Structures are given as structure tokens and as C-alpha cells.
Amino acid sequence: MRATNAIDLACLKSACSESNENVYSLGLKQDESSRLRRIENLKLENALLMRMVEETRIDIARLRELLSVV
């Protein structure tokens, strides 16, 4: 992913020297948007993993209780 972005930005830089600076900033905005979307996805994944950890802890406590009765 980095290599592709580097090539895209290099192409955009060359286009900037010939035309408008907005072309380069558009590439940066797209990169930032992708980065923010990835951060949100990671936050969601982290929340789901924390929920699974908590549920696993509860299950372990129940199993320990059942085993102590037997």
C-alpha cells in the first residue's frame, strides 16, 4: 500500500508543477480519509475483541464454579 501511495503522490507532484496545487492536496485528502476509515475499523475490531475477552473470563469463572461443585 505504501509503494502505491508513494507512486501516486509522485505523479501528483509532477502534475502540480504543471497545473494547480489542488491536485496534490486531493491525493492527501484521499490518504487521510483512508487512514481515518482504517482507524475506525480498528476501534470496532478492538471493541469486539475486548467483548470476547470479557465473555471468556465469565465462561472461565462459571466453569471453575461448576468444577468446584463436582
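What's counted below: heavy atoms across the whole structure, side chains too, no hydrogens, waters or symmetry copies. Remember, it's a predicted structure, so these values are computed and weren't measured experimentally.
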*asked:* Checking I58 now: which residues fulfil side chain to side chain contact (heavy atoms under 4.5 Å, CB included) with it, not counting sequence neighbours?
replied: E54, R62

*Working for salt bridge (Lys or Arg N to Asp or Glu O under 4.0 Å), residues E40 and R37*: CA-CA 5 Å; E40 288 305 313; R37 204 169 34 251; over 6 Å; no

*Do E32 and R35 sit within salt-bridge range, that is, some charged N less than 4.0 Å from a carboxylate O?*
yes

*asked:* Rounded at 0.5 Å granularity, tell me how far CD1 in I39 sits from CG in N46.
replied: 13.0 Å

*Atom CG of L36 and atom CG of N41: how far apart are they, to the nearest 0.5 Å?*
11.0 Å

_Test item: E45 and L48 side chains (from C-beta on) under 4.5 Å apart, heavy atoms_ = no

*Applying side-chain contact (heavy atoms from CB on, under 4.5 Å) between T56 and each of I60, V53, D59, report the one that passes.*
I60

